[in-house]
Colleague: 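My structure is below; once you've seen it, I'll send some questions.
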Amino acid sequence: MMRLTDNKIYIGGTKFSYILDAETGRKIQSYPIGELVNPIDGTFYAMNNEKILAVDSKSGSVKWELQKTNPGAYTYPVVANGSCFFGTSGGKLFAYDAETGKKKWERQFGEYNQGGFHQLATENGMLFASYMNGKMLAIDQSTGNTQWESQMYNPDDISPWNFEVKGNFIYAWAINKVVALDKQTGLKKWEKTMNSLFTRKPRVFDDTQLDL
Amino acid sequence: MKINRQSLFAFIISALVLSSCSKKSSNIDPITLEERQNIVLVPTDKLTALDGNTGMVKWEMPFLGEVSAGTAGKLYLNQTAYGRIGMYSDTVVLYNNPSKAKNLISVEPSTGKVIQQVYNQLKPGFYLGCCHELQINQLIGVDNGTAFMALMFRGPFSNGWPTTQRFAIYATDLTTGSVKWATDIATSEIPAFDNV
């Protein structure tokens with residue numbers, strides 16, 4: 001995992017992570033912990049095979065950690081408004097206090113055999129979550145209540161649905177399909193099936209990104 | 001003083017005109033109507049740009065590689081300049097047979113028109129000219145006219161294992177095409193192709 005932001009280059013290996021100064025290439029910091037590429041308010045939130053971790057970006061010390069006790073895969077954790085969220089392939093969704101690691105709420109969505117959660121994203125108090133059976137959910141961050149849900153595609157087609165929230169839309173994709181949803185309502189605006197499979201992850205840009 | 005009707009009429013008109021000219025300008029600021037234009041870039045065996053509002057195809061171009069957002073109205077595409085030899089993971093493809101193709105392409109986002117092409121592939125430094133090397137030059141991002149890339153190299157292979165490897169991050173000035181800096185990452189800590 002590598003990321004360029006705030007004039008720094010974050011490199012997250014499996015067991016080590018580096019930060020380079022983008023101006024000079026000089027190494028600013030390194031950590032004997034993998035996957036540290038996305039600091040939020042001075043804390044990295046990362047996940048490895050066994051744990052979900054919160055790591056202080058200055059000292060590199062672990063602030064809290066959770067053992068992954070649920071069977072199956074976990075989504076990568078996302079953080080907003082003081083909460084750290086992650087979901088499981090069993091359809092469970094968790095909210096933890098981002099500072100202390102104390103659980104705030106836990107919800108079960110869908111049936112175990114529906115593939116569970118694949119990706120989460122946060123925006124303006126909402127938590128958006130893609131389910132492997134082609135469902136997209138908008139969930140209240142503070143309560144875990146569902147605001148809307150949208151079946152984007154055939155529910156029998158279990159696929160890794162990734163997505164990006166941009167402007168008034170949610171753009172989701174899997175295999176060779178792209179779907180655009182209205183962010184407020186979940187209504188499908190359009191869908192497109194490409195003639196061949198994605199070779200890389202689709203990307204979404206808006207004119208504010210392109211005309212800085 | 002005697003004022004005739006014609007003079008009085010001219011005076012009233014002049015006063016009205018002056019009055020309207022001296023009024024303060026309105027405090028209401030003009031509203032700029034802003035329509036956000038999303039573009040969804042879909043890389044398959046070619047690169048397709050979809051209109052984010054309608055899903056209609058805006059443009060297509062032959063392309064295999066990575067896409068990065070840019071500044072000053074440009075998209076940056078890191079086109080593979082190597083013969084493709086297979087998928088390494090969901091996100092990485094491995095290539096061999098390096099060429100001198102100019103791989104880093106700047107594109108006008110609304111039309112797909114190519115603005116600039118730069119050769120931007122750092123060599124491993126210990127290329128032995130043998131077969132079975134694996135190398136990728138991955139685009140991390142572009143900022144302020146500089147492209148940040150990762151070189152990952154393993155090879156040549158002996159009995160299925162690479163005899164050398166290199167993992168370096170480097171920055172290329174997009175105006176001149178020159179490498180501004182290159183920093184080697186200790187492969188004892190983060191091996192080449194680790195978690196990329």
Side-chain angles (χ1 to χ4, degrees), chain A residues 1-18 20-27 30-32 34-35 37 48 160 162 164 166-169 171 173 176-180 189-192 194-212, chain B residues 34-57 64-75 87 90-93 109-110 138 140-144 146 148 150 167-171 180-183 185-186 188-191 194-196:
Chain A
M1 302 169 75
M2 291 178 281
R3 189 163 177 262
L4 169 68
T5 184
D6 297 332
N7 214 29
K8 295 185 179 72
I9 299 168
Y10 294 86
I11 306 157
T14 306
K15 294 179 179 173
F16 278 83
S17 300
Y18 278 35
L20 304 185
D21 182 302
E23 193 62 38
T24 62
R26 187 177 57 85
K27 186 166 78 176
S30 65
Y31 310 88
E35 312 249 351
V37 295
N48 60 30
N162 288 294
E164 198 167 326
K166 189 74 75 179
N168 297 322
F169 291 87
Y171 300 98
W173 51 79
N176 68 337
K177 298 177 282 289
V178 184
V179 174
K189 304 296 280 188
W190 55 263
E191 69 176 73
K192 191 162 188 70
M194 310 305 288
N195 290 331
S196 50
L197 305 180
F198 302 145
T199 51
R200 303 289 176 98
K201 186 178 99 171
R203 300 286 308 271
V204 185
F205 303 113
D206 64 43
D207 50 8
T208 56
Q209 277 181 296
L210 296 169
D211 294 300
L212 298 175
Chain B
E34 213 173 282
E35 190 180 352
R36 227 174 183 184
Q37 181 66 55
N38 290 334
I39 298 172
V40 185
L41 287 163
V42 185
T44 57
D45 53 355
K46 58 191 170 191
L47 184 64
T48 305
L50 304 176
D51 183 306
N53 293 329
T54 65
M56 302 290 287
V57 174
L64 181 65
E66 302 159 286
V67 179
S68 174
T71 56
K74 290 178 187 170
L75 296 175
M87 295 292 289
D90 286 343
T91 54
V92 176
V93 184
S110 60
Q138 185 173 330
I140 302 170
V142 179
D143 187 33
N144 199 24
T146 301
F148 299 94
F167 181 19
I169 308 296
Y170 64 102
K180 294 167 74 173
W181 55 257
T183 299
I185 305 297
S188 57
E189 295 184 340
I190 306 180
D194 177 36
N195 199 32
V196 291

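Just so it is clear: chains get the letters A, B, ... in the order the sequence lines come, proteins before strands, and each one is counted from 1.
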Colleague: W190(A) side chain to G52(B) main-chain N or O, any donor-acceptor pair under 3.5 Å?
Modeller: yes

Colleague: Name the region of F167(B), side chain, backbone, both or neither, that has any atom closer than 4.5 Å to a heavy atom of chain A.
Modeller: side chain

Colleague: For A49(B), which atoms come within 4.5 Å of any heavy atom of chain A: side chain, backbone, both, or neither?
Modeller: neither

Colleague: Taking everything shown except K177(A) itself, do over 12 heavy atoms lie less than 6.0 Å from its NZ?
Modeller: yes

Colleague: Non-hydrogen atoms of chain B under 4.5 Å away: do they reach the side chain of T24(A), the backbone, both or neither?
Modeller: backbone

Colleague: Is the NZ or CZ atom of K27(A) positioned over Y18(A)'s six-membered ring, under 6.0 angstrom from the centre and within 45° of the axis?
Modeller: yes

Colleague: Only pairs of heavy atoms separated by less than 4.5 Å count here; which of P32(A), G25(A), G12(A), A180(A) has the most with chain B?
Modeller: G25(A)

Colleague: Which of the residues T146(B), L50(B), L47(B), I140(B) is involved in the greatest number of heavy-atom pairs with chain A at under 4.5 angstrom?
Modeller: I140(B)

Colleague: Side chain from CB out, backbone as N, CA, C, O: work out which of these in M194(A) comes under 4.5 Å of a heavy atom of chain B, or both, or neither.
Modeller: side chain

Colleague: So, does T44(B) use its side chain to make a donor-acceptor pair with the main chain of F198(A) at under 3.5 Å?
Modeller: no

Colleague: Under 3.5 Å, side chain of D6(A) to main-chain N/O of K8(A), donor-acceptor pair present?
Modeller: no

Colleague: Side chain from CB out, backbone as N, CA, C, O: work out which of these in L197(A) comes under 4.5 Å of a heavy atom of chain B, or both, or neither.
Modeller: backbone

Colleague: Counting distance only, does the side-chain N/O of W173(A) pair as donor-acceptor with the main-chain N or O of R203(A) below 3.5 Å?
Modeller: no

